[in-house]
Amino acid sequence: VFLVPSGDAGLVAERCSVTGCGSGGVAGSPPGGCSVVFASFYSEPNEFCGNIESINKMTTIPASGIDPAVTAPADSEFAIVLMNVNNFGGAPDDVGFYSLRLRDSLNRLFTIDFDNDLQAQWTAQSYYGRRGTYDTIQPGLTESMAVVFLVPSGASGLSVERCPTSGCS
């Protein structure tokens, strides 16, 4: 079940293959092959489809290009979601990952914390050779992207889901 505005279910099924996802529209284990629909940075309705490739965990994201190495705080690690994101809307739009959440096996939800982890996001994008938040995707095109979450060390059973339109915090 994906959390999409009523009337959009046909569009989601047509333009974002949701087969292979577990309940709640989350990636299974392993997460590859699952898709999640999420809103653009500036607007609803859902305009992007993220096909999850993998979720990689590391305590330090290595330096890459001009971006320095970033080490997670004590007792935590970075969970880096690699996905191919398609803009199935009708206009160019900027990717915003604010409607995405990462859930672990203890049912905890994690958000993207750009206030504290922005450098980690930039370094991960450079390290993996991917684009990220605020980047524009033209309609009908797909870009490879990286999204960084900070999770407790040892967090397992990680899955990606879309936060409902109301109640996102």
Query raised in the report: Are the side chain of Q121 and the backbone of A146 linked by a donor-acceptor contact shorter than 3.5 Å?
Result: yes

**Report entry** Heavy-atom check, side chain of V95 versus side chain of Y134, under 4.5 Å
**Finding:** no

Report task. Decide whether I112 and I61 are clustered together by the hydrophobic rule: side chain heavy atoms of Ile, Leu, Val, Met, Phe, Trp, Tyr closer than 4.5 Å, transitively. Result -> no

Query - R101 and T111, any side-chain heavy atoms less than 4.5 Å apart - result: yes

Query raised in the report: Does the side chain of Q125 come within less than 4.5 Å of D67's, by heavy atoms?
Result: no

Requested in this report: Flag the pair I55 / M83 as yes when at least one side-chain heavy-atom distance between them is below 4.5 Å, and no otherwise.
Outcome: no

Query raised in the report: Do you know which of V147, D135, N84, I80 makes side-chain contact (heavy atoms from CB on, under 4.5 Å) with R130?
Result: N84

Query raised in the report: Is S64 reaching over with its side chain to a backbone N or O of S126, donor-acceptor style, under 3.5 angstrom?
Result: yes

Report task. Answer yes if F110 and L100 sit in the same cluster of Ile, Leu, Val, Met, Phe, Trp and Tyr residues linked by side chain heavy atoms under 4.5 Å apart, and no otherwise. Result -> yes

Query raised in the report: Do P152 and D75 have side chains that get closer than 4.5 Å, going by heavy atoms?
Result: no

Query - Test item: M145 and F48 side chains (from C-beta on) under 4.5 Å apart, heavy atoms - result: no

Query raised in the report: Are V151 and D104 side-chain neighbours, meaning at least one heavy-atom pair lies under 4.5 Å?
Result: no

Query - T59 and F78, any side-chain heavy atoms less than 4.5 Å apart - result: no

Query raised in the report: Do the side chains of L109 and L150 join up, straight or via other hydrophobic residues, at under 4.5 Å, putting them in one cluster?
Result: no

